[in-house]
Amino acid sequence: MANKNNVTELIFTSLFQDPEVQRVCFVVFLPVYLATVVGNGLIMLTVSVSKSLRSPMYFFLGYLSLVEISYSSTIVPKFITDLLTKIKTISLEGCLTQLFFFHFLGVTEILLLTVMAYDRYVAICKPLHYMTIMSQAVCHLLVAGSWLGGLIHSVVQILVIVQLPFCGPNVIDHYFCDLHPLLKIACTDTFVEGVIVFVNSGLFSVISFLVLVSSYIVILFNLRNHSAEGRRKALSTCASHITVVVLFFGPAIFLYMRPASTFTEDKLVAVFYTVITPMMNPIIYTLRNAEVKNAVRRLWGKKVNSGEE
């Protein structure tokens, strides 16, 4: 890499240029990140210790929360600390590392959301065979497949970027390392690489989103055969999943299905799915799921009682 790269350090323009606005952003985004870690961590803890949350759905939810914490931590700590510095720099190696984990964890989340949709499809459309189909071995295999899929996707992205020469300028018009801003500062024509990114990120997101939407349409269609109480519970669970899917896929498709030349006006959209969405997931799943709410209350009650003793 060294023989074709004069650039060893990159500079972020960040979200806003005004130092006062940056300090306001720090005050806003630091609690959001802490809420992301605490909220998703609480779900992981609740799922792991609660005997009432032993179904595959909550097994997948625990891993989704782990991915959310890791995904957010790839971007947000660097972003919020940069808000307090005048010059926001990152090494080229650090940039590629951030890019790798951002896409690795992002695609792992997409695949986990797809797995969760499949779990709901089996639970609602094939209830008598649910525990046979969604056995413990199958659940572990589906989670492992999600991690492997994210790894393969990210390796492809890195192989595309690592071959490009970076000889200047070294200013990235963003607050973290992603594909489009890196393609823009490469010292060569990046049309082919742009097509690969479009297919590997944009089309992948659209196809995954369509698969998820189709699965929930099938689920809703099959709910006609359920009792009113069964429909209510299923709709409540599916509504949480659909909300998370829309919040995650909407901004991602908006960005990666567009040409790189329009990228600089999209940083606020990126804030939504890198900072806000990971915080929203535990709120959505907790507020709309009575079992999770009750399990959290019981866990909190145990902590309070043990503290008093």
Side-chain angles (χ1 to χ4, degrees), residues 36-37 39-74 100-127 129-157 200-201 204-205 207-216 218-219 237-238 240-245 247-249 252 273 277-282 284-286 288-289 291-292 295-296 299:
T36 299
V37 174
N40 284 287
L42 182 60
I43 286 181
M44 289 173 57
L45 178 63
T46 304
V47 169
S48 64
V49 303
S50 176
K51 294 180 180 179
S52 64
L53 303 180
R54 288 289 181 254
S55 70
M57 180 177 72
Y58 299 114
F59 174 77
F60 298 133
L61 179 58
Y63 275 100
L64 180 66
S65 293
L66 172 62
V67 170
E68 290 285 21
I69 292 174
S70 305
Y71 174 78
S72 182
S73 297
T74 301
F100 173 83
F101 282 104
F102 174 65
H103 280 270
F104 169 42
L105 295 163
V107 171
T108 300
E109 178 168 353
I110 288 175
L111 295 175
L112 275 175
L113 289 171
T114 306
V115 165
M116 293 174 76
Y118 174 69
D119 170 72
R120 289 300 84 204
Y121 165 77
V122 175
I124 293 169
C125 301
K126 301 179 184 295
H129 304 284
Y130 178 65
M131 294 312 298
T132 303
I133 296 173
M134 300 302 295
S135 64
Q136 189 176 46
V138 169
C139 290
H140 282 94
L141 189 62
L142 290 171
V143 169
S146 299
W147 288 101
L148 180 61
L151 179 64
I152 293 171
H153 166 87
S154 192
V155 167
V156 172
Q157 304 289 55
N200 200 30
S201 291
F204 176 80
S205 297
I207 292 170
S208 299
F209 180 70
L210 292 176
V211 168
L212 284 163
V213 170
S214 300
S215 68
Y216 285 116
V218 172
I219 289 171
T237 302
C238 290
S240 301
H241 292 190
I242 293 169
T243 303
V244 170
V245 166
L247 287 175
F248 184 83
F249 278 92
Y273 72 83
T277 300
M279 179 198 69
M280 295 297 295
N281 287 0
I284 293 167
Y285 280 113
T286 303
R288 297 195 64 90
N289 191 303
E291 288 182 317
V292 175
V296 169
L299 177 65

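Bear in mind that the values here come from a model prediction, so they are computed numbers and not experimental data.
In this structure the side chain of Ser146 never reaches within 4.5 angstrom of the side chain of Glu109, judged on heavy atoms. Looking at heavy atoms from C-beta onward, Tyr63 lies out of side-chain contact with Val115 at the 4.5 angstrom threshold. Side-chain contact between Phe249 and Ile110 is present, with heavy atoms from C-beta onward closer than 4.5 Å. Inter-residue side-chain proximity for Leu66 and Asn40 is flagged as unmet; no heavy-atom pair is nearer than 4.5 Å. With a 4.5 Å cut-off on side-chain heavy atoms, Met134 and Phe60 count as touching. Under the 4.5 Å side-chain criterion, counting only non-hydrogen atoms from C-beta, His140 is in contact with Phe59. The shortest distance between side-chain heavy atoms of Val138 and Ile133 does not fall below 4.5 Å. Residues Val47 and Ser65 form no side-chain contact, since every pair of their non-hydrogen atoms from C-beta on lies 4.5 Å or further apart.
Of all heavy-atom pairs spanning Met116 and Leu64, the tightest one is SD-CD2, 3.9 Å. Gly149 and Leu111 get closest at one heavy-atom pair: CA-CD1, 3.6 Å. Closest approach of Ile284 and Leu247 over heavy atoms only: CD1-CD1, 3.5 Å. The shortest heavy-atom contact between Ile69 and Val37 is CD1-O, 3.8 Å. Of all heavy-atom pairs between Cys125 and Ile219, the closest is SG-CA, 4.3 Å.
Ring geometry for Phe248 versus Tyr273: interplanar angle over 60°, hence perpendicular rather than tilted (30 to 60°). Between Phe102 and Tyr71, the ring planes are parallel. Angles under 30° get that label, and only those over 60° would be called perpendicular.
Atom OG1 of Thr114 and atom CG of Asp119 lie 12.5 Å apart (nearest 0.5 Å). Put simply, OG on Ser135 and CE on Met131 are 8.5 Å apart, with the number rounded to the nearest 0.5 Å. Atoms CZ and OG, on Phe101 and Ser73 in that order, are 12.0 Å from each other to the nearest 0.5 Å. From Thr74, atom OG1 reaches atom CG of Leu105 across 5.0 Å, with rounding to the nearest 0.5 Å. The line from CH2 of Trp147 to CG of Leu142 is 14.5 Å long, rounded to the nearest 0.5 Å. The line from SG of Cys238 to OH of Tyr121 is 13.0 Å long, rounded to the nearest 0.5 Å.
For the pair Ser48 (side chain) and Met44 (backbone), a donor-acceptor distance under 3.5 Å is present.
Counted within 6.0 Å of OH on Tyr130, heavy atoms from surrounding residues, nucleotides or ligands total more than 12; the atom is thus considered enclosed. Few gaps surround CZ on Phe204; more than 12 heavy atoms of other groups in view lie less than 6.0 Å from it.
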Discussion item. Evaluate Ser50 against Leu45 for side-chain contact (heavy atoms from CB on, under 4.5 Å), listing each step before the verdict.
Written reply: CA-CA 8 Å; Ser50 176; Leu45 178 63; over 6 Å; no
Discussion item. Please determine whether side-chain contact (heavy atoms from CB on, under 4.5 Å) holds for the pair His153 and Ser201, giving the CA-CA distance in whole Å, both sets of side-chain angles, and the decisive distance to 0.1 Å.
Written reply: CA-CA 8 Å; His153 166 87; Ser201 291; 3.7 Å; yes
